[in-house]
Amino acid sequence: MTFTDDPAWIDSLSLSGAELRRADAMWLAANGAAAGGTGGIRPGDPGLLVTLTGMSISAAPGVAALPYTGQGVYRACNSTTWTGTVSTAHASLQRLDLVYLRVWDNTVDAGGLLKADIVYLAGTPGSGTLPSPAGTLIWIPLAQITVPAGSTTPSVTDLRPAAVAPGGIAPVPSARLATAGLYIGHVRYNLIRNMIETWNGSTWVAPGDWTDYPMQWKGATTDPALHSGTLAARSMLIGRSCTVKFEIATASDTTFGSGPHSFTIPYTSSGAGTAVSVGTGHGITPTNVRWDLNLLITAGQSVLTVWTPLSATDNRLFQLSNTQGLGGVTWATQQTVRGQIEYEIAA
């Protein structure tokens with residue numbers, strides 16, 4: 001079986017517009033469609049920026065990419081300033097209007113035209129939503145115009161999407177923050193948080209973000225069981241440095257297993273000889289007696305251990321276990337253990 005499209009930039013071949021557009025898509029970041037690409041303007045390009053002066057609309061000269069499924073990416077240029085006029089405001093209802101860039105391609109839309117233009121489209125008063133272009137297949141938004149009831153001074157919100165090269169970091173405004181990443185490692189710049197985020201397969205995360213993880217409470221022989229007690233844990237990863245914090249609250253039906261206790265961590269610790277890590281904890285008994293605790297992660301391990309003074313008069317540290325509770329006292333209902341530790345993860 002052969003390719004359906006001819007390869008680009010080979011002498012003597014004559015390529016159709018569709019073949020050229022699909023080949024051009026290679027130079028834009030993916031949009032999740034085969035032979036597709038991200039549409040919009042280049043980050044930092046003032047082109048096609050929409051501004052208002054009273055009820056008068058202007059769109060600056062500029063270039064943009066417009067993808068369409070199966071057709072690759074169209075490129076369009078507005079070489080002069082475009083102008084328009086906002087429709088008269090409704091007397092009692094606010095309205096959201098749309099300014100957009102569209103491409104007409106008769107082969108695709110059967111509209112009888114071969115051109116690009118900028119369009120102003122008034123919305124429905126009181127709907128609270130932007131209008132959707134009817135009969136237009138190939139388009140990208142440029143701006144939202146908010147027209148308050150009875151107003152002659154509407155406001156404008158920039159909606160131009162950013163088109164970047166493969167691996168490029170696109171700035172993302174609030175309107176598109178809910179969009180999932182296309183692949184693990186996909187990077188974007190969150191304009192609300194003002195930081196770089198990476199898609200981990202389920203959510204966008206930035207260096208320093210805290211995320212929940214399912215810590216498990218283990219016993220050397222038999223695991224404890226929380227039942228109606230609670231265990232919450234979160235972690236933060238920056239490079240190869242991971243910080244873990246957790247809180248356990250026991251209940252009347254909590255059982256404590258058998259043997260020394262340990263708690264799972266989200267990443268295996270480094271096996272380097274200097275990779276032993278020590279953290280601090282805080283324990284509270286039902287009678288509100290409070291204990292300083294030590295946390296320990298040894299090299300090449302996937303668990304941490306918690307160590308408590310043997311008693312009120314003996315500061316030697318013993319590992320929490322089914323028989324060794326806070327301060328050497330037997331485990332009881334409504335004990336709380338909190339802790340935080342930073343450690344080096346394995347490469």
Side-chain angles (χ1 to χ4, degrees), residues 29-30 32 38 43-44 162 164-218 226 230-249 261-284 291-308 317 319-320 336-347:
T38 56
V164 296
I169 300 175
V172 180
S174 59
R176 287 189 290 278
L177 289 178
T179 303
L182 294 175
Y183 54 91
I184 294 174
H186 188 176
V187 177
R188 72 180 186 182
Y189 189 87
N190 185 322
L191 289 171
I192 301 303
R193 301 178 68 191
N194 290 318
M195 62 179 62
I196 287 177
E197 298 174 325
T198 304
W199 181 254
N200 66 7
S202 59
T203 189
W204 292 99
V205 294
D209 278 353
W210 288 94
T211 57
D212 294 331
Y213 84 93
M215 174 180 273
Q216 299 175 46
W217 188 2
K218 311 292 288 184
L226 282 162
T230 59
L231 191 165
R234 289 171 69 76
S235 66
M236 176 179 65
L237 184 65
I238 300 179
R240 290 179 59 193
S241 178
C242 180
T243 303
V244 168
K245 60 181 177 180
F246 67 95
E247 177 177 303
I248 301 168
H261 292 165
S262 62
F263 304 88
T264 59
I265 53 180
Y267 306 95
T268 300
S269 65
S270 170
T274 58
V276 174
S277 299
V278 177
T280 58
H282 188 74
I284 308 173
W291 296 90
D292 287 331
L293 305 175
N294 283 2
L295 276 58
L296 181 69
I297 297 176
T298 55
Q301 296 296 307
S302 58
V303 295
L304 65 84
T305 54
V306 179
W307 298 73
T308 175
L317 296 177
Q319 185 176 345
L320 287 182
T336 301
V337 176
R338 302 185 179 108
Q340 182 165 321
I341 188 170
E342 180 180 0
Y343 69 101
E344 178 186 352
I345 71 172

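- Residues R338 and I284 form a side-chain contact, since some pair of their non-hydrogen atoms from C-beta on lies under 4.5 Å apart.
- Residues passing the side-chain hydrogen bond (donor to acceptor under 3.5 Å, both in side chains) test with E342, sequence neighbours excluded: S241.
- Of all non-hydrogen atoms in I238 and G208, the two that sit nearest each other are CG1-N, 3.6 Å.
- The closest donor-acceptor contact from the side chain of Y213 to the backbone of T264 lies under 3.5 Å.
- Under a 3.5 Å cut-off, the side chain of W204 and the backbone N or O of T179 do form a donor-acceptor pair.
- Each salt bridge (charged side-chain N to carboxylate O under 4.0 Å, His left out) pair with one or both residues in residues 199-211, not counting sequence neighbours, appears once here: R193-D209.
- Annotation: salt bridge (charged side-chain N to carboxylate O under 4.0 Å, His left out) contacts involving residues 167-191, sequence neighbours excluded, comprise R188-E197.
- Of the N and O atoms on the side chains of S202 and N200, at least one donor lies less than 3.5 Å from an acceptor on the other residue.
- Panel note: side chain S269, backbone G300; a donor-acceptor pair is recorded below 3.5 Å.
- The side-chain heavy atoms of L304 and V306, taken from C-beta on, include a pair separated by under 4.5 Å.
- In terms of modelled atom types and a separation under 3.5 Å, the side chain of Y343 and the main chain of S270 share no donor-acceptor contact.
- Residues I248 and F263 approach most closely at CD1-CE2, 3.1 Å, considering heavy atoms.
- Residues W217 and V337 fail the side-chain proximity criterion, which asks for heavy atoms closer than 4.5 Å.
- Counting only distance, with no hydrogens or angles, the side chain of Q340 and the backbone of G279 share no donor-acceptor pair below 3.5 Å.
- Annotation: side chain of D292 is not in contact with side chain of T280 (no heavy-atom distance under 4.5 Å).
- Counting only distance, with no hydrogens or angles, the side chain of Y189 and the backbone of N194 share a donor-acceptor pair below 3.5 Å.
- The closest side-chain heavy-atom distance from L231 to M215 is below 4.5 Å.
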